[in-house]
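A short write-up of the structure that comes next.
The model shown is predicted, which means the values in this text are computed figures rather than measured ones.
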Amino acid sequence: MKLVIIDYGAGNTQSVKFAFQRLGMAPVLSSDKDEILSADKIIFLGVGHAKAAMEVLKEKKLDVLIPQLKQPVLGICLGMQLLCKHSEEGDTECLNVFDADVKLFEPKLKVPHIGWNDTMGLHSKNGSVWNFNKDYFYFVHSYYVPVNDFTSAICNYVTDFSAAIQKNNFYAVQFHPEKSGAAGEQLLKQFLSI
Amino acid sequence: MLTKRIIPCLDIKDGQTVKGVNFENLRYAGDPVELAMIYANEGADELVFLDITATHEKRKTLAALVEKIAAKINIPFSVGGGISSVEDVNILLKSGADKVSVNSAAVKNPQLINDIADKFGSQCLILAIDAKETTGNWKVYLNGGRLETELELFTWAKEGEQRGAGEILFTSMNHDGTKNGFANVALRQLSETVNIPIIASGGAGNMEHFYETFTAGKCDAALAASIFHFGEIKIKALKEYLYQKQIPVRL
């Protein structure tokens, strides 16, 4: 299986590469269109600012390519938010794979939301691929995707929010499976088996 | 529910852990990678690596070590010690660190906090503060507690938050090494002053101290070194104890 991690300078590329290597995979890092299109599965990650990330994606013409991908794509953290329509972070137009808005947490609790939080996969509804039940995943984020028709897993911080969203071949998670211990490894394995 | 984090801290010198370790079946007591893996398997929520050599010549050694750690462990970790520029941060994050902590360099040049947060995001930036209380005033100290400044702890923490720090790691020099518990009064005030997570450091001696810092101290995470390294407290047992006491933890 050919696994490509879309490489556009996101900070956590190395961690995600290592996580797949621990599962015996040999992920390829690339921003090249042909290389990405030749993949069986694709990882789209990101940390940092939505606006800055979208600018890099546009520069590399990845903003056109990514929504057209037909292979299973796993978006992680900012990658998930960029797959949505719009983000309040920098008032940024995103890739619009998911017709959903990304919002800033109200400061009723500390922001960013940092740490391990229990998460419920909506396997019984929505045809979600995630069947985890109150498993703990590691989150680090200030912006969130509200619960919507695409929600495939739910977590709660300040409010219920989408821990994962899913549509056709696009699977995206707000948390960091590459940093979520055994539960995270299980999720990555499950994505590889889709 | 978001859980409280238990964070072992590993001091690194020339690529080796320095504080004594007391683990059975540990081949190389000084190997940070092996120690990190043990902690991750025992249920640590995150790890902090503090490079106490941290001179410019050692920077490459540290980056190589970070890469080795990142390749092996599957929980988040931060790296600190002598970080003084955006380029330092870039190298460590590229090597696989999830976060960096800045301390003295941020006091000397507060703009560094903005620069790191703008380039890499607040989520990867811990502002580490060492402070000491004398006659009711908490003063910030530099260079591992050797140099007193005029800065006041709560003012500096607030400024750090406004400049873009994502978390605050507060070490009380009055409590560090005493094993008499964390600085819960100051920690609580800190937690009420800023709206970013607070990591308590300095003073852990028994399990109850962790309970107290999560309740009376209102902390989000608690860090300790020697009690974990010497096996006085096992992380798994600590988390089970906290769970029994109704503290949300990841088991």
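Annotation: A/K2, atom NZ; neighbour count of heavy atoms from other residues, nucleotides and ligands within 6.0 Å is above 12. No more than 12 heavy atoms of other residues, nucleotides or ligands shown are found within 6.0 angstrom of NZ on B/K72.
Ranked by heavy-atom pairs shorter than 4.5 Å toward chain A, the options B/P76, B/G96, B/A70, B/A117 are led by B/P76. Heavy-atom pairs under 4.5 Å with chain A were tallied for B/S191, B/S122, B/A40; the largest tally goes to B/S191. Of the residues considered (B/K119, B/R5, B/E46, B/K99), B/R5 shows the highest number of contacts with chain A, using heavy-atom pairs under 4.5 Å. Most heavy-atom pairs under 4.5 Å with chain B: of the set A/Y138, A/F139, A/Y157, this distinction falls to A/Y138. With chain A as the partner, the residue from B/G121, B/P197, B/A221 showing the most heavy-atom pairs under 4.5 Å is B/P197.
Here the CG atom belonging to B/L93 is positioned 11.0 Å from the CD atom belonging to A/Q14, to the nearest 0.5 angstrom. Rounding to the nearest 0.5 angstrom, the gap separating the CD atom in A/E178 from the CG atom in B/N74 is 10.5 Å. Rounding to the nearest 0.5 angstrom, the gap separating the NZ atom in B/K94 from the OG1 atom in A/T13 is 8.5 Å. Note that CZ of A/F18 and NZ of B/K68 are 11.5 Å apart. Values are rounded to the nearest 0.5 Å. Residue A/R22 holds its CZ atom at 8.0 Å from CD1 of B/I73, rounded to the nearest 0.5 Å.
Heavy-atom distances place the side chain of B/E167, and not its backbone, under 4.5 Å from chain A. Proximity to chain A is limited to the side chain of B/D220, based on heavy atoms less than 4.5 angstrom apart. Contact annotation for B/N90: neither backbone nor side-chain heavy atoms come within less than 4.5 Å of a heavy atom of chain A.
The stretch residues 102-117 of chain A places A/P107, A/L109, A/K110, A/V111, A/P112, A/H113, A/I114, A/G115, A/W116, A/N117 near chain B, each with some heavy atom under 4.5 Å from a heavy atom of that chain.
For A/K60, there are no salt bridge (Lys or Arg N to Asp or Glu O under 4.0 Å) partners at least two apart in sequence or on another chain.
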